[in-house]
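First up is the structure itself, then whatever we jot down about it.
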Amino acid sequence: EHSLWLSLMKPRLEILKNLLADNGSIWISIDADESHYLKVLCDMVFGRRNFVDEVIWQRAFSPINLKKTLSRSHDVILVYSKNSDGFELNKLPRSAEATKSYKNLDNDPRGPWTSGDLSVGPIIQSKVFEITTPSGRKVLPPEGYCWRLTRERFEEYIADNRIWFGAKGDGVPRIKRFLSEVKDGVTPMTLWTYQEVGHNQDAKKEAKVFNSDSVFATPKPEKLIERVIHLASNPGDLVLDSFLGSGTTAAVAHKMG
């Protein structure tokens with residue numbers, strides 16, 4: 001069963017690879033039953049080094065109670081680049097929620113900032129040293145961890161007011177990260193929830209034809225396709241949906257254009 005399906009997929013994937021631009025990528029939505037088989041085939045066709053990552057899309061938001069084991073709520077999207085050298089994806093727009101944590105608690109002239117953990121693992125002995133807070137408290141990194149910075153680099157951060165010890169000056173030191181210095185947009189994560197990109201029921205409503213009850217078996221929500229196109233392409237690029245299906249990719253690309 002699997003070998004027949006894979007043998008049919010192999011020449012199609014080879015054609016799609018040839019159609020990709022040098023900086024192009026392919027995004028393959030697949031059920032978790034088949035994703036592991038397809039991953040091996042894609043490693044063969046595109047090269048394992050060109051595997052970008054596996055995205056988990058939460059396609060369902062409620063359990064199927066008739067299931068006697070686990071109610072699967074996700075599909076997999078395998079992402080491969082044509083050439084991994086210098087390959088980059090676009091960023092997601094930075095939402096108001098993402099910037100809400102940036103504040104200016106000490107009226108820093110560089111503007112709003114948030115703070116990040118100064119400790120990291122695994123331990124590097126040269127980065128384990130005692131820090132004295134403004135209140136006089138002595139602080140070491142947690143057991144098994146070290147500081148992210150060398151002592152010399154830490155002193156530079158102190159001089160540049162990039163270390164936060166809390167409002168009372170006695171907290172564990174943290175690194176200040178300024179909103180003005182972060183790159184435009186947010187790096188996407190590999191878990192895409194239905195709140196972000198829609199779910200199966202959204203897709204079926206969008207795919208209804210002439211107000212009828214007949215729908216395609218496995219349509220994709222427009223928000224899911226929009227995210228893929230946003231991350232993987234730029235204005236003027238060609239986008240190909242090799243299986244077309246409900247035509248969602250064409251519809252979304254047209255709206256985005």
Side-chain angles (χ1 to χ4, degrees), residues 23 25 35-36 39-40 42-43 46-56 74 76-95 97-193 196 231-232:
N23 64 344
S25 59
S35 63
H36 302 88
K39 170 69 167 60
V40 174
C42 287
D43 282 348
F46 295 97
R48 194 168 183 177
R49 65 187 295 272
N50 293 319
F51 174 62
V52 176
D53 219 316
E54 176 185 82
V55 172
I56 303 300
H74 74 280
V76 170
I77 302 176
L78 297 177
V79 186
Y80 283 81
S81 64
K82 174 73 171 286
N83 184 357
S84 63
D85 294 336
F87 177 78
E88 290 186 19
L89 293 174
N90 296 321
K91 304 291 185 183
L92 292 175
R94 188 176 293 278
S95 65
E97 187 69 22
T99 59
K100 191 167 62 174
S101 62
Y102 287 83
K103 304 183 185 302
N104 198 347
L105 302 177
D106 59 353
N107 296 316
D108 195 300
R110 288 164 289 194
W113 51 269
T114 188
S115 63
D117 198 342
L118 185 60
S119 60
V120 67
I123 189 170
I124 299 174
Q125 287 298 334
S126 62
K127 292 184 178 180
V128 177
F129 54 89
E130 189 176 76
I131 292 175
T132 303
T133 70
S135 68
R137 178 187 172 200
K138 307 293 184 181
V139 181
L140 284 168
E143 185 176 351
Y145 289 76
C146 63
W147 302 124
R148 293 180 183 272
L149 308 172
T150 63
R151 185 184 294 274
E152 294 74 18
R153 190 67 172 149
F154 175 77
E155 293 299 333
E156 292 175 7
Y157 271 54
I158 287 288
D160 196 30
N161 190 26
R162 288 180 179 269
I163 300 296
W164 174 246
F165 291 97
K168 297 181 179 179
D170 61 351
V172 174
R174 296 176 63 82
I175 299 176
K176 292 167 65 175
R177 306 190 189 281
F178 294 92
L179 180 59
S180 59
E181 295 177 352
V182 299
K183 292 182 179 180
D184 291 337
V186 178
T187 299
M189 300 181 70
T190 55
L191 175 61
W192 296 2
T193 65
E196 300 173 78
L231 293 176

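In this chain, numbering begins with 1 at the start of the sequence shown. Please read these numbers as outputs of a predicted model, since none were measured by experiment.
Between the OG atom of S115 and the NZ atom of K103 there is a distance of 12.0 Å, given to the nearest 0.5 Å. Taking CG from D53 and CG from L89, the interatomic distance works out to 10.0 Å, rounded to the nearest 0.5 Å. To the nearest 0.5 Å, atom CG of residue L149 and atom CD1 of residue I175 are 4.5 Å apart. From C146, atom SG reaches atom CG of L118 across 9.5 Å, with rounding to the nearest 0.5 Å. Between I56 atom CD1 and T190 atom OG1 the span is 7.0 Å, to the nearest 0.5 Å. Within the model, atoms CZ of R174 and CZ of F165 stand 12.5 Å from one another, a figure rounded to the nearest 0.5 Å.
What you find for L191 and E196 is that their closest heavy atoms are O-OE2, 3.7 Å. In plain terms, the two heavy atoms of Y145 and S119 that are nearest each other are CB-CB, 4.4 Å. Between V76 and L78 the shortest heavy-atom distance is CG1-CD2, 3.9 Å. In this structure, S84 and N50 approach most closely via the heavy-atom pair N-OD1, 2.8 Å. V186 and P93 get closest at one heavy-atom pair: CG2-O, 4.4 Å. Counting all heavy atoms, side chain and backbone alike, Y102 lies closest to R177 at CE2-O, 3.4 Å.
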Practice prompt. Decide side chain to side chain donor-acceptor pair (under 3.5 Å) for T132 and K138; before the verdict, give the C-alpha distance in whole Å, the side-chain angles of both, and the deciding distance to 0.1 Å.
Written response: CA-CA 5 Å; T132 303; K138 307 293 184 181; 3.1 Å; yes
Item to complete: Could you walk me through whether R162 and W113 pass the side chain to side chain contact (heavy atoms under 4.5 Å, CB included) test, one step at a time?
Response: CA-CA 10 Å; R162 288 180 179 269; W113 51 269; over 6 Å; no
Practice prompt. For N23 and N83, run side chain to side chain contact (heavy atoms under 4.5 Å, CB included): C-alpha distance rounded to whole Å, both residues' side-chain angles, the deciding distance at 0.1 Å, then the answer.
Written response: CA-CA 6 Å; N23 64 344; N83 184 357; over 6 Å; no
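Residue-environment remark: CD (E130) exceeds the threshold of 12 foreign heavy atoms within 6.0 Å. Shown here is F87, whose CZ atom has more than 12 heavy atoms of other residues, nucleotides or ligands within 6.0 Å. Within a 6.0 Å sphere centred on CZ of R48, heavy atoms belonging to other residues, nucleotides or ligands number 12 at most.
Taking 4.5 Å as the limit, every side-chain heavy atom of S126 sits out of range of all side-chain heavy atoms of T150.
With sequence neighbours excluded, the residues forming a side-chain hydrogen bond (donor to acceptor under 3.5 Å, both in side chains) with K176 are D106, D108, listed by chain and number. The side-chain hydrogen bond (donor to acceptor under 3.5 Å, both in side chains) test applied to S25 returns W27, not counting sequence neighbours.
Between the W192 side chain and the M189 main chain, a donor and an acceptor come within less than 3.5 Å of each other. Between the side chain of R148 and the backbone N or O of V120 there is no donor-acceptor pair closer than 3.5 Å. Within the 3.5 Å criterion, the main-chain N or O of F129 finds a donor-acceptor partner in the side chain of W147.
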